[in-house]
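Encoded as structure tokens, the structure appears first; notes follow it.
By convention in this document, chain letters (A, B, ...) are assigned in the order of the sequence lines, proteins followed by strands, and residues within each chain are numbered from 1.
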Protein chains: 2
Amino acid sequence: MLKRRRATLKDVAESVGVHVSTVSRALNPETRHLITSDIVRKIAAASRALGYIPNTAAYSLRTTRTKIVGVVVPDITNSIFPPIIRGVEDALMEHGYATVLVNTDGGMEREAAMIEALAARGVDGLVIASVHRDDGRIRDLATQGTPVITVNRRMDDPTIPSVTSDEEDGVRRMLTHLAALGHRHICTIAGDQTISTGQRRHEAFMQIAPELGIEPDPANIVFASDFNESSGERCMEELLARGVEFTAVHCSNDRLAIGAISALRRRGLVCPTDVSVTGFNDMPMVDRIDPPLTTIRIQQHKVGYVAAELLYEQMRELSSRPVPQHIVLPVDLVVRSSTAPPPAIASKTVRRAVNRT
Amino acid sequence: MLKRRRATLKDVAESVGVHVSTVSRALNPETRHLITSDIVRKIAAASRALGYIPNTAAYSLRTTRTKIVGVVVPDITNSIFPPIIRGVEDALMEHGYATVLVNTDGGMEREAAMIEALAARGVDGLVIASVHRDDGRIRDLATQGTPVITVNRRMDDPTIPSVTSDEEDGVRRMLTHLAALGHRHICTIAGDQTISTGQRRHEAFMQIAPELGIEPDPANIVFASDFNESSGERCMEELLARGVEFTAVHCSNDRLAIGAISALRRRGLVCPTDVSVTGFNDMPMVDRIDPPLTTIRIQQHKVGYVAAELLYEQMRELSSRPVPQHIVLPVDLVVRSSTAPPPAIASKTVRRAVNRT
DNA sequence: CAAAAATATGCAAACGATTGCACAAGAGAT
DNA sequence: ATCTCTTGTGCAATCGTTTGCATATTTTTG
């Protein structure tokens, strides 16, 4: 990249008066012990003096390792991902890896195309945040021997390692919180069921609600097609249109919750006075919105960091196929202002609002 | 990356019965015309049949071009950047480039280190969103012949091409808006003056305010050390502590504005009833915060996209050093709820609040 | 002290693509 | 029909590393 030709192994070798293979070995920690330590010192000095920087392309060509890992996310613009990506990069950079980011926009076809492009570049491994519960392409990749890890989401196939958060515990804490406030009529806006977070959170809801004396009724459940605000709005409208009684809405993630709150507001209902709304993820800024969102905090940066560490392990022990690991990180309930005790006449309020339209 | 050895040029050549150089030429659009079109067809077919994918490392080694560009941002976690990055990636991907992202965390030393790492990887060019007005390292890079472009910010040195937004016009529109609402006592929280956005917005403020009959008083001006919420809070507190009269605060960006609003709230003042606050950038979610922020919308995705296009031009016409371009994209005023007419007794309100502490 | 073993270095062949040059064959000119 | 000029292909070098093997040197050992 610099104008002036970069120093090569050969330059260093000539400057010291040894063969390039000697320089190569002296500069590589793994093989350094083969060389007389005095020569190693000289080589190190000369290399520094000449400003030697190994040529990545030549290294890759010879070894078929690029020291690049691909990071696949639905959309970097979705603010849940940047902290995760940052975690991945922080971890990988420490090991001398660079990361190439691609956006799939949620589609599995585009995901396949992007992964194809990464494979063409010869990435050493893949961190996938866009994965669906069932994703043949990724399974294939893994069985073919490509180091892969999924982050924040996981596949049903336990063969693919993952780092996720404790969805069950998050849902439990949230429902417990709502129940403690006195809510008995709780609706849920479930996320995309083809994605592990959506499915697991919903499953947890179905299992835990009864334990708290809240019997889930199909009329109280609506499934969102996407994890975003407009989908949240649509679902909330659907719920209101059904005319069911409820004092709280449990949303599968923050963006759905934000949309739900907007929809409520448009109907003249205020959160949390009329209905409480909860999120999941604690993404950036949800503490500043109106009302500040009660949600479940996941360790976004750490999820990414740990995933990268695991991938790194996988990449170096390429020979011995390791047991796939699934790491589940703990979560926290963070109570803000989108939840409150139910209004005394909650059901009436909702009905009135609905009839008003 | 795949288990099964990938097909090489040689494989294709053997399969067709020609020399590898012929295959190379046939597959390259630039040299395709040298080969009999019938053979080209055969080669294309064989290449497809064998699933030939060019080996990037070999290509890079031979040509010293990596088809990778480095993207340097302060922190991907700062939500102003993801849309910009996305724009860069969308544009570059169309031309077959991959992007590797690095975070500088604002420090120029770390920026230098990161750029060093990218250079070592042999990136073909650099998109820099972290640039300071004066940045020797980047000037050097450019004069050494590395294609570089700065995005969202620019250097004082007109030699380095850039894509930015029309800061002056943004400030003008905002001040005009405030003036129209009736504000005469306007404070400003200026951003980091070593960064072009901070400096230009402030300069614009100083120039335009008088035109609107608002004489800037040093007592109404405070400089933020960082473009973030806590810095905004500190500045707002400083302003309040000074006891000056004001009914509106013009902030250099959204995050400062958000911090300012928090600080006001902590003093028992409400925005916009007591004081109007304005931002700049229209970053994601500022329409959902409390109160929804009146700000200047910049074309985040487009800024990135255009910058990438320009960089691409630079990279292909590497021979003829092009005239450095500076593209300035138009902005829009978006009025939401953080601005309102000044309270009749505005100055008293502020003074009371201040004395209360 | 000779032979065997260990150690340190050099040699040369890859890795997979691009490209200047040489050469062969066909087209056009005389 | 000979000569020149294109045009299409092959040859071989090259990019900068890594690494198995050979060789030279030193150390150990019986």
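- Residues forming a side-chain hydrogen bond (donor to acceptor under 3.5 Å, both in side chains) with Thr194(A) (at least two apart in sequence, or on another chain): Asp192(A).
- Each salt bridge (charged side-chain N to carboxylate O under 4.0 Å, His left out) pair with one or both residues in residues 77-105 of chain A, not counting sequence neighbours, appears once here: Arg86(A)-Asp90(A), Arg86(A)-Asp75(B), Arg86(A)-Asp105(B), Asp105(A)-Arg110(A), Asp105(A)-Arg86(B).
- By the ring-ring contact (aromatic ring centres under 6.0 Å, His included) test, Tyr312(B) pairs with His95(B), sequence neighbours left out.
- Phosphate contact (OP1/OP2 of dG10(C), side-chain N/O of Thr22(A), threshold under 4.0 Å): present.
- A heavy-atom distance below 4.5 Å is found between the side chains of Val73(A) and Asn103(A).
- With sequence neighbours left out, Lys42(B) forms a salt bridge (Lys or Arg N to Asp or Glu O under 4.0 Å) with Asp38(B).
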Which protein N or O atoms sit under 3.5 Å from an N or O of nucleotides 13-17 of chain D?
unit_1, atom_1, unit_2, atom_2, d
dT14(D), O2, Arg62(B), NH1, 3.1
dT17(D), OP1, Tyr52(A), OH, 2.8
dT17(D), OP1, Asn55(A), N, 3.3
dT17(D), OP2, Leu9(A), N, 2.6
dT17(D), O5', Tyr52(A), OH, 3.1

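- Listed by first and then second residue, the salt bridge (charged side-chain N to carboxylate O under 4.0 Å, His left out) pairs that reach into residues 8-25 of chain B are Arg5(B)-Asp11(B), sequence neighbours excluded.
- Every residue two or more places apart in sequence or in another chain that forms a side chain to side chain contact (heavy atoms under 4.5 Å, CB included) with Asp135(A) is listed here: Met108(A), Glu111(A), Val131(A), Arg137(A), Ile138(A), Met155(A).
- For the side chain to side chain contact (heavy atoms under 4.5 Å, CB included) test, residues two or more places apart in sequence or in another chain that qualify with Thr66(B) are Ser60(B), Ile68(B), Asp124(B).
- In this structure, His19(B) atom NE2 and dA17(C) atom P are separated by 13 Å, rounded to whole Å.
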- [ ] Summarise protein proximity over nucleotides 21-28 of chain C in one line of letters, 5' to 3': B for base, S for sugar-phosphate only, - for none, counting protein heavy atoms closer than 4.0 Å.
- [x] --------
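- Heavy-atom distances under 4.0 Å link DNA chain C to His33(A), Leu34(A), Ile35(A), Thr36(A), Ile39(A) of residues 32-44 of chain A, given in residue order.
- With sequence neighbours excluded, no residue forms a side-chain hydrogen bond (donor to acceptor under 3.5 Å, both in side chains) with Arg41(B).
- The side chain to side chain contact (heavy atoms under 4.5 Å, CB included) test applied to Asn28(B) returns Glu30(B), Thr31(B), not counting sequence neighbours.
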